[in-house]
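Worksheet for the structure shown next.
Position 1 is the first residue of the sequence, and the numbers go up from there.
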Amino acid sequence: MIDLQKTLTQSVQKHGVPSAAAMIGNSDKVIASAFIGSADPASGKPMALDSIFQIASMTKAITSLAAMQLVESGKLSLDDPIGAVLPELAEPQVLTGFDADDKPQTRTAETPITLRHLLTHTSGLGYPFTSADMAKAQASLLGEVVPGTRAAITSPLMFDPGSDWLYGVSTDYVGFAVEAASGQNLGDYFEEHIFAPLGMADTGFSVTPEKAARRVALHSVAEGGFMPFPLEIGGGDAAEFQSGGGGLYSTAPDYMRFMQMVLNRGELDGKRLLSENGIAAMSRNQIGNLRAGYMESVVPMLAHEIDNFPDMDTKWGLGFLINPETGPNGRAPGSLAWAGIANCYYWIDPASGIAGLVLMQYLPFGDERAAAVFEDLEKAAYQAD
């Protein structure tokens, strides 16, 4: 048995993390759950299992599933030029350098961007905090970039599509493709085709007033502890678009439902969201000889430099990081994982039939204390009798 509450309590206290909620499950049940700390240190509001977090880039897997649903229904294609669906990507330009006045120099991309490129982060699009050149190009072209605006994800490509891997705004464009192909805004599509079938009643692009008291406050590391950092990662209600790359709010129980569906190869409680072949495609290497998972950090207050498995030739499927070898804490080869920038982490291990997550709510991403809590959780999952 897993005494997850004991594990989480000891880990949070040892590493000095403000609070966390965690859950481990298999394909048909929750094995263990736990929570500890304050959801808002300023008010002393306690954490609860159904506390609502900004899950940020954990949104990406859900957006990827939505796109694959539309691929299976024939409304999207993985390998046709995405410019037919998203005209703004029809003639992509690749950054070649900067002139004497630091103005970006570009050329036409050698290949068109496809949905597969967007799903695998091989489109050439980055984030300003993961690519110094992208940040410099945006500053030159746009001046001040406001989060939640379309301008914030507008940039020349850092390389020709398909030639390299760079974590970035690609999944926001996947969200736009879902909207274009379905005729619905992203939140409505998610609700009808993913959240309602899975019973994810506390997940969405906004938090209703009656649920606002359950939100976990976002903090950032400060000298001597943590300080409030009232940032809406997806732009909040003022955002110009619903961010398929990072805009969702959710809870540990809701996201476990999504992970259980993946463990069940596209089905949960008799409701099929994607075919077994579709889940298999999402779960296998889709980037060939490229390596995925490394991220530089241009903005240390937001994220540290990250390399999840520095000694492995890690890959990317259609929405997930894939470890090709056994992980140091017991994760089987072929497991699926990713995270959210406010130190939210998950993994799905089909070979072992187990999935787990831990949700925290502070910056910077990759802080060693949060990483240690996640490591302790994962070890507990695999060391249980």
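Checked against T9 for a side chain to side chain donor-acceptor pair (under 3.5 Å), the options Q5, Q13, K6 give a single hit: Q5. Of the residues listed (L115, V71, T120), the one engaging L318 in a side chain to side chain contact (heavy atoms under 4.5 Å, CB included) is T120, and it is the only one. Residue D188 is tested with Q184, E192, E191 for a side chain to side chain contact (heavy atoms under 4.5 Å, CB included); the sole match is Q184.
Panel note: side chain D202, backbone T251; no donor-acceptor pair is recorded below 3.5 Å. In this structure a side-chain-to-backbone donor-acceptor pair under 3.5 Å is missing from S33 to M23. No donor-acceptor pair closer than 3.5 Å links the side chain of S163 to the backbone N or O of F159. A donor-acceptor contact shorter than 3.5 Å is absent between the side chain of T106 and the backbone of L95. In this structure a side-chain-to-backbone donor-acceptor pair under 3.5 Å is missing from D79 to T114. A donor-acceptor contact shorter than 3.5 Å is absent between the side chain of N264 and the backbone of G266. Checked by atom type and distance alone, the side chain of E72 never pairs as donor or acceptor with a backbone atom of L274 at under 3.5 Å.
Atom CD1 of I82 and atom CG of L119 lie 8.5 Å apart (nearest 0.5 Å). M261 contributes atom CE, which lies 8.5 Å from atom CD1 of I62 (distance to the nearest 0.5 angstrom). How far OG of S19 is from CD of Q361: 8.5 Å, rounded to the nearest 0.5 Å. Here the straight-line distance linking atom OG of S155 with atom CD of Q93 works out to 11.5 Å at 0.5 Å rounding. With values rounded to the nearest 0.5 angstrom, H121 atom NE2 is found 9.5 Å from L166 atom CG. Separation of atoms OG1 (T59) and CD1 (I233) is listed at 9.0 Å; rounding is to 0.5 Å.
S73 and Q69 share no donor-acceptor pair across their side chains, judged by distance under 3.5 Å alone. Side-chain contact annotation: S131 with E296, donor-acceptor N/O pair under 3.5 Å absent. For the residue pair S57 / K60, a side-chain donor-acceptor distance below 3.5 Å is found, with atom types taken as modelled. The closest side-chain donor-acceptor pair between D367 and Y362 falls under 3.5 angstrom.
Residues satisfying the side-chain hydrogen bond (donor to acceptor under 3.5 Å, both in side chains) test with K271, not counting sequence neighbours, are none. In this structure, the side-chain contact (heavy atoms from CB on, under 4.5 Å) partners of E179, at least two apart in sequence or on a different chain, are F176, N185, L186, Q242.
Taking the six-membered ring where the residue is Trp, Y346 and F320 present perpendicular rings, their angle passing 60° and hence far from 30°.
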>> Between D172 and R150, does the salt bridge (Lys or Arg N to Asp or Glu O under 4.0 Å) criterion hold? Intermediate values first, please.
In response: CA-CA 10 Å; D172 283 312; R150 292 290 288 258; over 6 Å; no
>> side chain to side chain contact (heavy atoms under 4.5 Å, CB included) for V17 and M360? Distances and angles first, verdict last.
In response: CA-CA 8 Å; V17 171; M360 292 165 276; 3.7 Å; yes
>> Pair K14, D376 - check salt bridge (Lys or Arg N to Asp or Glu O under 4.0 Å), show working.
In response: CA-CA 11 Å; K14 176 182 177 180; D376 289 344; 5.7 Å; no
> Does the pair T108 and E91 meet the rule for a side-chain hydrogen bond (donor to acceptor under 3.5 Å, both in side chains), with working shown?
Replying inline: CA-CA 7 Å; T108 301; E91 297 181 4; over 6 Å; no
>> Go through it in stages, so that I can follow the logic: the residues are S206 and D237, the test is side chain to side chain contact (heavy atoms under 4.5 Å, CB included), and I'd like the CA-CA distance, side-chain angles, deciding distance and then a yes or no.
In response: CA-CA 7 Å; S206 62; D237 293 336; 3.7 Å; yes
>> With ring-ring contact (aromatic ring centres under 6.0 Å, His included) as the criterion, how do Y167 and Y294 come out once you've worked through the C-alpha distance, each side chain's angles and the decisive distance to 0.1 Å?
In response: CA-CA 8 Å; Y167 186 61; Y294 169 75; over 10 Å; no
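A single hydrophobic cluster is not seen to contain both F229 and V207; linkage of ILVMFWY side chains at heavy-atom distances under 4.5 Å, directly or through other members, places them apart. In the hydrophobic cluster analysis, where Ile, Leu, Val, Met, Phe, Trp and Tyr join through side-chain heavy atoms closer than 4.5 angstrom, L231 is grouped apart from Y249. A chain of hydrophobic side-chain contacts below 4.5 Å, direct or via other Ile, Leu, Val, Met, Phe, Trp or Tyr residues, connects L357 to L336. L218 and M227 end up in different hydrophobic clusters when Ile, Leu, Val, Met, Phe, Trp and Tyr side chains are linked at under 4.5 Å. Under a hydrophobic clustering in which Ile, Leu, Val, Met, Phe, Trp and Tyr are joined whenever their side-chain heavy atoms come within less than 4.5 Å, directly or via other members, M47 and Y255 fall into the same cluster.
The two residues F226 and G16 make their nearest non-hydrogen contact at CE1-O, 3.5 Å. When all heavy atoms of L49 and A34 are compared, the closest pair comes out as CD1-O, 4.1 Å. Closest heavy-atom contact between T326 and M312: O-CE, 3.2 Å. Nearest approach of A66 to Y189, heavy atoms of both residues: CB-CE2, 3.5 Å. Residues D160 and T111 share a closest heavy-atom pair of OD1-N, 4.4 Å. Taking both residues in full, the closest heavy atoms of T149 and E240 are given as CA-OE1, 3.5 Å, listed atom of the first, atom of the second, then distance.
Both tests pass for K136 against the ring of F98: distance under 6.0 Å to the centre and angle within 45° of the axis.
Annotation: side chain of R369 is in contact with side chain of V221 (closest heavy-atom distance under 4.5 Å). The closest side-chain heavy-atom distance from N26 to K29 is below 4.5 Å. Contact check for I52 versus D50: no side-chain heavy atoms found under the 4.5 Å cut-off. Side-chain contact between S11 and F374 is absent, with no heavy-atom pair separated by less than 4.5 Å. Under the 4.5 Å side-chain criterion, counting only non-hydrogen atoms from C-beta, H219 is not in contact with P18. Here the side chains of F195 and L248 are in contact, with some heavy-atom distance below 4.5 Å. At least one side-chain heavy atom of S123 sits less than 4.5 Å from a side-chain heavy atom of S170. No side-chain heavy atom of Q260 sits under 4.5 Å from any side-chain heavy atom of D28.
Between R257 and D269 there is a salt bridge, since at least one side-chain N of the basic residue sits less than 4.0 Å from a carboxylate O of the acidic one. Looking at R215 and D40, no side-chain N of the basic residue comes within less than 4.0 Å of a carboxylate O on the acidic one, giving no salt bridge. Between D349 and R331 there is no salt bridge, since no side-chain N of the basic residue sits under 4.0 Å from a carboxylate O of the acidic one.
In the displayed structure, D99 atom CG is contacted under 6.0 Å by more than 12 heavy atoms of other residues, nucleotides or ligands. Atom CG of D102 sits in a crowded spot, with more than 12 heavy atoms from other residues, nucleotides or ligands closer than 6.0 Å.
For residues 314-323, the side-chain hydrogen bond (donor to acceptor under 3.5 Å, both in side chains) pairs, not counting sequence neighbours, are D313-K315.
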